[in-house]
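The block underneath contains the structure these notes are about, expressed in structure tokens.
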Amino acid sequence: MENNEQINPRDSYTESPWQAVDIAGTPHSTADYSLTYDVMIVGGGITGITTALLLQKAGKQCIVVEGGTIGYGTTGGTTAHLNTFFDATYPEIERDFNEEAAKLVADSGKDAFAIIKDFIDLYHIECDFEYKGAYLFSETDKETKQLTEILEATRRAGVEAIEYQDNGVPVPFQMAVHFVDQGQFHPLKYIYALAAEFIKLGGVILEKSFVEETIAEDGIHIANIGSQSVKAVNLVWATHIPPGITPFTFRCAPYRSYVLGIKLKHDAYPTGLTYDMQEPYHYFRTHEIKGQKYLILGGEDHKTGHDEPENAFKKLEDYAHKYYRVESIPYRWSSQYYVPVDGLPYIGKLTGHDSIYVGTGFNGNGMMFGTLSGKIISDQILGIENNYSDLYSPSRIKPIAGFSEFVKENADVAWRFIADRFGAEEDLDSLKELAPEKGIIAELKGSKVAIYKDADGKVTALNPTCTHAGCIVSFNDAEKSWDCPCHGGRFDINGKVTTGPPRKDLEKIPLGNNE
């Protein structure tokens, strides 16, 4: 199903099962452009909506500005696992920070989970929430040693975990660890319900309103949106990563994760949440959509713009067939996330700015850290002390933790910047052989051109230089997008920005009668 047919569109060509559910749209609200709001939140995913609701409940006048629709970004493509253990494991946190930090991370995960459950109960949200047991399992001696360390550190951090005799899936294993009281839900049903409550309290949501630039005048933030401007005392970037060139451009690396929604021939669907320890790892759960169960199987993650998405889907499908009797695969989708160099997200007030806040670097734990961001940022704006502010501070300096990862990721960016300009590319004449709905970087009169041919044979040409930091984009065959391999910016086939940090579209190149 293509985006123009989706009930709840998102920033991708592929469709997640969450998009197929008919959800009541965002209630109408009207912006007062003459008003200076207390807080402007840019981004309408779980981070932005949670932040907005918490602040509006506390008496602040808030406005949410979303470039697409609610849940248009990663929230609409998540697999919606709710965990109190994270992609950065507790042994890693102990090593890179300290044991006390690991305990704080565990406590913050429990608090984020409690916030989600409290909202569900308070507002009677029907979002398919379920408590689940979760399993992490090893398949090799090396993984078993690592898993033993994870079990011990997890217990030290205060998260309940036990060695178990089952891993919840038909994959052979050496050792399994069971985490109690984990969970899952339908992410769009959840955040649309929060958005409705936000508007009931007098909040405002502007959808399909892309923020082209922001400026500050006399302590007031002004966001330019087409011919209109929104003003606010405080500005929150809830856009997965802030736009433009910021410190997070170099501290957070963009990755894409791939997911299948699978119908099985027999009712052998997992009853819990399961994760292996491969690199990249696979993750499993079950969700029922419109009366049909689906095995939600994810994995094969790679840096954005670096590998072939169709190969990732093929590997994931082969993995599914290896362990399950597959009837069909109605859903296949991908989504983006950012990996922080030291393992923990950056949440809170920006360094050197008294009224700008950010939540980014959530790794694969966006539902939890997005919720936690809402709590930390709202507390900071309200002047309430938060126990986690220092741990997740965007201004923290960890000269050891993450340093090697920082060097590796940014060396990779530098390599791409050079190689993309001097590597061999296709000559424009070869485009005669380009298949429909495919894209390629070609040479035209000595310059690189991003070429896409649609199903009817029409060719669109774009300047392939990303408008963020000047890297050369690559074609994402699965999502029909142009993706930047350096910092994760994404553009549709017409060059329009779909995912930050770029703010400007790719320049179109006229091709004569083809246009």
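One-based numbering along the sequence shown.
- Asp121 meets the salt bridge (Lys or Arg N to Asp or Glu O under 4.0 Å) test with Lys117; sequence neighbours excluded.
- Residues Asn83 and Tyr275 have side chains that bring a donor and an acceptor to within less than 3.5 angstrom of each other.
- Under the side chain to side chain contact (heavy atoms under 4.5 Å, CB included) criterion, Lys57 pairs with Leu53, Phe119, Leu122, Tyr123, Leu201, not counting sequence neighbours.
- Checking Tyr13 against Asn476 by side-chain atom types alone, no donor-acceptor pair falls below 3.5 Å.
- Classified by interplanar angle (parallel below 30°, tilted 30° to 60°, perpendicular above 60°), the ring pair Phe369/Phe86 is parallel.
- At least one test fails for Arg332 against the ring of Tyr258: distance under 6.0 Å to the centre or angle within 45° of the axis.
- Listed by chain and number, the residues in a side-chain hydrogen bond (donor to acceptor under 3.5 Å, both in side chains) with Ser335 amount to none (sequence neighbours excluded).
- Ring pair Phe179/Phe85 is parallel by interplanar angle, where below 30° counts as parallel and above 60° as perpendicular.
- Leu382 has its side chain within reach of Lys60: a pair of non-hydrogen atoms, C-beta onward, lies under 4.5 Å apart.
- Cysteines Cys486 and Cys471 are disulfide-linked, with SG atoms closer than 2.5 angstrom.
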Quiz: residues 230-244 side-chain donor-acceptor pairs under 3.5 angstrom, not counting sequence neighbours:
from   : atom 1 : to     : atom 2 : distance (Å)
Lys231 : NZ     : Tyr33  : O      : 2.8
Asn234 : ND2    : Asp38  : O      : 3.1
Thr239 : OG1    : Ile241 : O      : 2.9
His240 : NE2    : Thr74  : OG1    : 3.3
His240 : NE2    : Gln336 : O      : 3.0

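- Side-chain atoms of Thr50 never come within 3.5 Å of backbone atoms of Thr47 as a donor-acceptor pair (strictly under, hydrogens ignored).
- Contact annotation: the side chain of Phe475 never approaches that of Ile451 to less than 4.5 Å [non-hydrogen atoms, C-beta and beyond].
- In this structure, a donor-acceptor pair under 3.5 Å is absent between the side chains of Ser481 and Asp492.
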CA sep, side-chain torsions, deciding dist, call: Thr51, Tyr357, side-chain hydrogen bond (donor to acceptor under 3.5 Å, both in side chains): CA-CA 11 Å; Thr51 306; Tyr357 303 81; over 6 Å; no
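- Side-chain contact between Arg10 and Trp333 is present, with at least one heavy-atom pair separated by less than 4.5 Å.
- Remark: Tyr337 engages Asp301 in a side-chain hydrogen bond (donor to acceptor under 3.5 Å, both in side chains) (not counting sequence neighbours).
- Glu385 meets the side chain to side chain contact (heavy atoms under 4.5 Å, CB included) test with no other residue; sequence neighbours excluded.
- Aromatic rings of Phe248 and Tyr338 (six-membered ring for Trp) have centroids beyond the 6.0 Å cut-off, not under it.
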Working for salt bridge (charged side-chain N to carboxylate O under 4.0 Å, His left out), residues Lys103 and Asp107: CA-CA 6 Å; Lys103 292 177 181 178; Asp107 288 345; over 6 Å; no
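- A donor-acceptor pair shorter than 3.5 Å can be found between the side chains of Ser395 and Ser393.
- A donor-acceptor pair shorter than 3.5 Å cannot be found between the side chains of Glu212 and Asn224.
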Evaluation steps, side chain to side chain contact (heavy atoms under 4.5 Å, CB included), between Asp342 and Arg396: CA-CA 10 Å; Asp342 63 10; Arg396 70 178 183 266; 2.8 Å; yes
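- Shown here is Asp390, whose CG atom has no more than 12 heavy atoms of other residues, nucleotides or ligands within 6.0 Å.
- Under the 3.5 Å distance criterion, the side-chain polar atoms of Thr498 are matched with a main-chain donor or acceptor of Arg490.
- Of all heavy-atom pairs between Val497 and Lys504, the closest is CG2-O, 3.3 Å.
- Proximity of Tyr331 to Ile296: side-chain heavy atoms (C-beta onward) are nowhere separated by under 4.5 Å.
- Other residues, nucleotides and ligands contribute over 12 non-hydrogen atoms within 6.0 Å of the CD atom of Gln292.
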